[in-house]
Amino acid sequence: MGVGCSTDEGLDVSGNSLSSIPDVFISDCGKLNGLKKLNFSQNKLSGVLPNFTGFSSLVSLDLSMNYLTVNLDGLIGNFKVLEKLQLSRNHFVGPIPDELFNFQNLTLIDLSVNNISGVLSNSIGDLSKLNTLLLSSNNLSGEIPKSLSNIKTLTRLAANQNSFNGMIPSGISQFVLGLDLSFNKLVGTIPIDLLSPPKLDSSLNGSIPSASIGKLERLTYLELGSNSLSGEIPKELGNCVELALLDLSKGAGQNILSGSIPSGISNLRGLVSVNLQDNELNGSIPDSISNLEFLIELQLGKNCLSSRIPKMPSNLQISLDLSRNCFEGTIPETLGGLRALEVLDISNNKFQGLMTVIDASSSTPPTINTWSKKTSVTLVILIAVICIDLGVAIAITAILVVDSDTSLNSKLSLAVVISVVFDVATAMMILLTS
């Protein structure tokens, strides 16, 4: 059966398991003057895509959350009226093509969580209608273009987790309301305008509104750390399927969120970073957390979480912090499979038993014996009892076998000496064992 493109308004095939897009499909769609939206997000597209020729009426293109590895040059078509370009959470490589900056109607560009490299051209300042620019988690370098300060419509800029260097351009925050330049190589002084009173956020208090948060299905970043929030994390957060970053940590504020981590968090398949640090969360970590295949950072330290540690997402890279909780039992072997993980902190819990150490060069992991306190105490007592019994038995035997002509006092003295020798030996064994 042939595949065709017959819609004249929009096509949405997101959330499936499509692995490729036939050439004839793109060719047919490109000829439709009325086609405004294409959504192929959350599929299994990989390899090289056909060239997007035509599409003169396309307003929105969404290819996010796939496995595309092509150079961005191949995606630039005749997008004269394109407003939204969403290519996040793929494996795109190469530089950002200059042709992209010719699309003067762009309001949203999301290239986050890819392998895009090179410098960001100063021509980006020509996009006078740009509202949101997301470049997080790539390999971009060079200086942040000063021309960004000229875009009066730009309200959100996220360029964190790259290799940008140089100074932060002056005036970059005069219009921007949300700015994230963390984890780069920036130097110099912080621009005065970055600290101007209109840009400073007030501390939020109360609970997170469950009814409202559940309606934000297109929400990408939720950063509420360093506030004074209380109550539980609403289960409706699981409806925010586009969420990439979640920060509800205490930070420098007074957040004291309680209750359990909602199981619906596993619906947020695009999550890259989760920080729930330093709250009063309890219960267990949902088993389904292993489904978050794009997650590279998980911060759950300083809470009251308990039970066992479930299998973690295999792509964790930056940090896994489970410290200062109430986890029990043995340290799970699955933690050894997190080959790319840079920081693992499971300190200040209640682990005991055997700790498995994974050797990357061996298929059979060795084990290191880490005796718990209960095991050590039991062993010490057992050794002490055995040694004392053995000392008494030898002392009695010595009394019986000593020459009958020997006086009773001499026999008793010999028994005392033997007993003392074994008592000293017992004490030394206890010290060595503990």
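In this chain, residues are counted from 1 in sequence order.
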Walk me through whether I261 and L281 qualify under side chain to side chain contact (heavy atoms under 4.5 Å, CB included).
CA-CA 7 Å; I261 300 174; L281 299 174; 4.2 Å; yes
Show the numbers, then the answer: is there a side chain to side chain contact (heavy atoms under 4.5 Å, CB included) between Y221 and D247?
CA-CA 8 Å; Y221 285 70; D247 184 359; over 6 Å; no
Going by heavy atoms in the side chains, are I21 and L45 under 4.5 Å from each other?
yes
Heavy atoms, side chains only, cut-off 4.5 Å: are N165 and E143 in contact?
yes
With the side chain counted from C-beta on, respond yes when L100 and L85 share a heavy-atom pair under 4.5 Å apart, and no when they do not.
yes
Would you please test F92 and T69 for side chain to side chain contact (heavy atoms under 4.5 Å, CB included) and show each step?
CA-CA 5 Å; F92 287 115; T69 57; over 6 Å; no
Q104 atom CD, neighbour heavy-atom count above 12 within 6.0 Å
yes
Between S266 and N291, is any side-chain donor less than 3.5 angstrom from a side-chain acceptor?
no
Restricting to non-hydrogen atoms, name the atom on P145 and the atom on N122 that form the minimum distance, rounded to 0.1 Å.
CB-OD1, 3.5 Å
For residues 211-220, which residue pairs qualify under salt bridge (charged side-chain N to carboxylate O under 4.0 Å, His left out), counting only residues two or more places apart or in two chains?
D62-R218, R218-E242
Return the CG to CG distance between L148 and L179, rounded to the nearest 0.5 Å.
10.0 Å
Result for side-chain contact (heavy atoms from CB on, under 4.5 Å) between L243 and one of I265, L271, L216 points to L271
Is D180 reaching over with its side chain to a backbone N or O of A158, donor-acceptor style, under 3.5 angstrom?
no
What distance do N282 atom CG and S306 atom OG have between them, rounded to the nearest 0.5 Å?
7.0 Å
Below 4.0 angstrom, N of the basic side chain to O of the carboxylate: do D110 and R156 qualify?
no
M65 vs R269, test: side chain to side chain contact (heavy atoms under 4.5 Å, CB included). Steps then yes/no.
CA-CA 9 Å; M65 297 177 66; R269 298 299 181 89; 3.8 Å; yes
Quick one: pull up CD in Q174 and CD1 in I151 and give me the separation to the nearest 0.5 Å.
11.0 Å
Point-to-point distance, once rounded to the nearest 0.5 Å, from OG of S163 to CG of N139:
6.5 Å
List the atom pairs, donor and acceptor, that lie under 3.5 Å between side-chain atoms in residues 309-317 and the rest of the protein, sequence neighbours left out.
residue : atom : partner : partner atom : Å
N315    : ND2  : E293    : O            : 2.5

Closest non-hydrogen atom pair between Q161 and S137, with its separation
OE1-OG, 2.9 Å
Backbone N/O of Y67 and side chain of N90: donor-acceptor pair under 3.5 Å:
yes
Of the options L224, N275, L276, which is the one that meets S249 in a side-chain contact (heavy atoms from CB on, under 4.5 Å)?
N275
Test item: side-chain donor near acceptor, D321 and Q277, under 3.5 Å:
yes
Is any side-chain heavy atom of I208 closer than 4.5 Å to one of L248?
yes
Taking side chain as C-beta onward, heavy atoms only, is L320 less than 4.5 Å from L338?
yes
Within this structure, what is the CD1-NZ distance for the pair I168 and K146, rounded to the nearest 0.5 Å?
13.5 Å
Given side chains that start at C-beta, do those of L135 and I116 come closer than 4.5 Å, heavy atoms only?
no
Compare every heavy atom of L87 with every heavy atom of L111, then report the nearest pair and how far apart it is.
CD2-CD1, 3.7 Å
Could you pull out the closest heavy-atom pair between R89 and G270, with the gap in Å?
CD-O, 3.2 Å
If we check side chain to side chain donor-acceptor pair (under 3.5 Å) with N105, which of these qualifies: E83, K129, K84, K80?
K129
Examine distances only and state if a side-chain atom of S121 and a backbone atom of S123 form a donor-acceptor pair shorter than 3.5 Å.
yes
Pairwise distance CG(N138) to OG(S112) - rounded to 0.5 angstrom:
7.5 Å
Relative to the ring of F40, is the ring of F25 parallel (under 30°), tilted (30 to 60°) or perpendicular (over 60°)?
perpendicular
Residues, nucleotides or ligands: over 12 heavy atoms within 6.0 Å of F294 CZ:
yes
Are N39 and V13 close enough that some pair of their side-chain heavy atoms sits under 4.5 Å apart?
no
Closest heavy-atom contact between N160 and S136?
OD1-OG, 2.6 Å
Whether the side chain of T153 engages the backbone of L130 through a donor-acceptor N/O pair (distance < 3.5 Å, no angle test) should be reported.
yes
Which pair of heavy atoms, one from F175 and one from S149, lies closest together, and at what distance?
CE1-O, 3.6 Å
I346 side chain reached by L344 side chain, heavy atoms, under 4.5 Å
yes
